[in-house]
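Below: one structure, written as structure tokens.
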Amino acid sequence: MGYWLMKSEPSEFSIDDLRNEARRTTHWDGIRNYQARNMMRDEMQKGDLVLFYHSNCDPPGVVGIAEVVREAYPDHTAFDPDDKHYDPKSDPDAPRWFMVDVRYRKKLRRCIPLHELKAHSQGKLQGFPLLRKGNRLSIMPVTKAQWDFIVGLE
DNA sequence: GCCAACGTTGGC
DNA sequence: GCCAACGTTGGC
């Protein structure tokens, strides 16, 4: 089983929004970064667990846990000229962008803020992509050890 | 609101 | 294929 971290701006889509979805499930559309796409398309598997991370807010941090419930399939929002994430270069016959479905599992009892994770950047979380300078990936892999440590901070 | 970091685009 | 310009991300 794999472990991931997925970022979302709570003003756009928060952990509470996910919980309020029908079947507590959403499709993770709008990813327009090749590295993130490749991980979704090639590596994410049904049953993988996801740290739900709130970015661009105060404080940014890990707020909950979700689960991959459907593996990658074409992101239809790329075909829609009216969509914010429209990409004319993605063709339904040769889709460029993909998404997965994720389901709400739980909220952490407290947000684990980024600054707290950073305190372990030389220790248990050494090399964790989120903590790398300039990191802008909205989806990143998490090792089992990193997962256990972060969830253990709750 | 600022700005560093980084990805993408497009002219050449 | 290089690289300057531009756009975006996201912490602060």
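So that the names make sense, note that chain A is the first sequence line, chain B the second, and so on, each numbered from 1. As the structure is a computational prediction, the values presented were derived from the model and not from experiment.
Across the protein-nucleic acid pair, A:Asn135 atom CG and B:dC6 atom P stand 9 Å apart, rounded to whole Å. As a whole-Å value, the separation of A:Arg37 CZ from B:dG7 P is 15 Å. Look at CG on A:Asn33: it is 13 Å from P on B:dC6, rounded to the nearest Å. Distance A:Arg32 CZ to C:dG10 P: 15 Å, rounded to the nearest Å. Per the geometry, CD1 belonging to A:Ile31 stands 12 Å off C1' belonging to C:dT9, to the nearest Å. In this structure, CD of A:Glu9 is placed 15 Å from P of C:dC12, rounded to the nearest angstrom. Distance, A:Asp87 CG to C:dG7 P: 17 Å, rounded to whole Å. In this structure, A:His85 places its NE2 atom 11 Å from P of C:dT8, rounding to the nearest Å.
The side chain of A:Asn56 lies closest to C:dG10, out of C:dC12, B:dC6, C:dG10. With distances taken from any side-chain atom of A:Lys89 to the nucleotides B:dT8, B:dT9, B:dC6, the minimum falls on B:dT9. Nearest to the side-chain atoms of A:Gln35 among the listed nucleotides C:dG10, B:dG7, B:dA5 stands B:dG7. Closest to the A:Arg136 side chain, of the nucleotides C:dT8, B:dA4, C:dG10, is C:dT8.
The shortest distance between the side-chain N/O atoms of A:Lys7 and the OP1/OP2 oxygens of C:dT8 is not below 4.0 Å. Note on A:Lys133: every side-chain N or O is 4.0 Å or more away from OP1 and OP2 of B:dA4. Taking only side-chain nitrogens and oxygens, A:Tyr53 comes nearer than 4.0 Å to OP1 or OP2 of C:dG11.
In this model, a donor atom of one side chain and an acceptor atom of the other lie less than 3.5 Å apart for A:Tyr73 and A:Asp101.
Residue A:Glu67 forms a side-chain hydrogen bond (donor to acceptor under 3.5 Å, both in side chains) with just one option from A:Lys106, A:Arg103, A:Arg24, A:Arg105, and that option is A:Arg105. Shown are A:Trp4, A:Trp97, A:Phe52; of these, the ring-ring contact (aromatic ring centres under 6.0 Å, His included) with A:Trp28 is made only by A:Phe52.
Here the CE atom belonging to A:Met6 is positioned 11.0 Å from the CG atom belonging to A:Leu51, to the nearest 0.5 angstrom.
Judged by distance alone, the side chain of A:Asn38 and the main-chain N or O of A:Gln35 form no donor-acceptor pair under 3.5 Å.
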